[in-house]
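Please read the structure below before turning to the comments.
Computed from a predicted model, the values in this text were never measured in an experiment. Here is the naming used below: chain letters follow the sequence lines, and residue numbers restart at 1 for every chain.
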Amino acid sequence: AQSVTQLGSHVSVSEGALVLLRCNYSSSVPPYLFWYVQYPNQGLQLLLKYTTGATLVKGINGFEAEFKKSETSFHLTKPSAHMSDAAEYFCAVSEQTGANNLFFGTGTRLTVIP
Amino acid sequence: DTGVSQDPRHKITKRGQNVTFRCDPISEHNRLYWYRQTLGQGPEFLTYFQNEAQLEKSRLLSDRFSAERPKGSFSTLEIQRTEQGDSAMYLCASSTNGGTGELFFGEGSRLTVL
């Protein structure tokens, strides 16, 4: 069974500061890992994903995440926060085979302080 | 626009009434998913179709809920005898068969049960 834990339901950073959103997962099989972003009144949008291969993956809007199998983590980072990054971020996991239905964490709301 | 579309975007109903939501997936996608998202939570998997076949249902999908995808294209999610606990955002997503597990989400249908 898969599950995702996102530490910190709310994170505040100053504009220009490092963004770090934490995600730990559990999976009995090799996982696919995802970060989605949800802006107010909008649908979930894929930021980035890890499937196989390189463990550091780059996504849209300057975000990246690193898959660390030994730590069962997939933390999301961005070197310099922008006001437009304010949103809710969800980490998700699925199996590499099967239905591909995603299991989501509870989300982290990112606030960017000017 | 060729994204996932959902209708209606908002529905307010009285307890005990029936409601139906429609989802039109991306046209070439043969997989379709329904999720539910409540305040402060991540999306929770409800059910999944491959073409017209409903292949998996979550325990969250009580017998008051029914989903169909009769021709393998659009899907409907009906909730009978609504309860206040059904108030949530109902999300639809679609994907291709296999692939790398990425789901494409619609903007959701928000249900409020009074």
Do [X] and [Y] belong together in a cluster built from hydrophobic side chains that touch within less than 4.5 Å?
| X | Y | answer |
| --- | --- | --- |
| W35(A) | V37(A) | yes |
| L110(A) | F74(A) | yes |
| V19(B) | L46(B) | yes |
| L60(B) | L39(B) | no |
| Y39(A) | L48(A) | yes |

*Per-residue contact mode, R9(B) against chain A (heavy atom under 4.5 angstrom)*: side chain
_Under 4.5 Å from a heavy atom of chain A, the part of L91(B) involved_ = side chain
*How far apart are the closest heavy atoms of Q37(B) and F90(A), and which atoms are they?*
NE2-CZ, 3.2 Å
*Within-4.5 Å side-chain heavy-atom neighbours: E102(B) and Y36(A)*: yes
_Interatomic distance, E44(B) atom CD to L102(A) atom CG [nearest 0.5 angstrom]_ = 13.5 Å
*Picking from F104(B), F105(B), Y35(B), what satisfies side chain to side chain contact (heavy atoms under 4.5 Å, CB included) with L44(A)?*
F105(B)
*asked:* Would you say CD1 of I12(B) has more than 12 non-hydrogen atoms from neighbouring residues, nucleotides or ligands within 6.0 angstrom?
replied: no
*Check each atom of Q38(A) against the heavy atoms of chain B and say whether the ones under 4.5 Å are side chain, backbone, both or neither.*
side chain
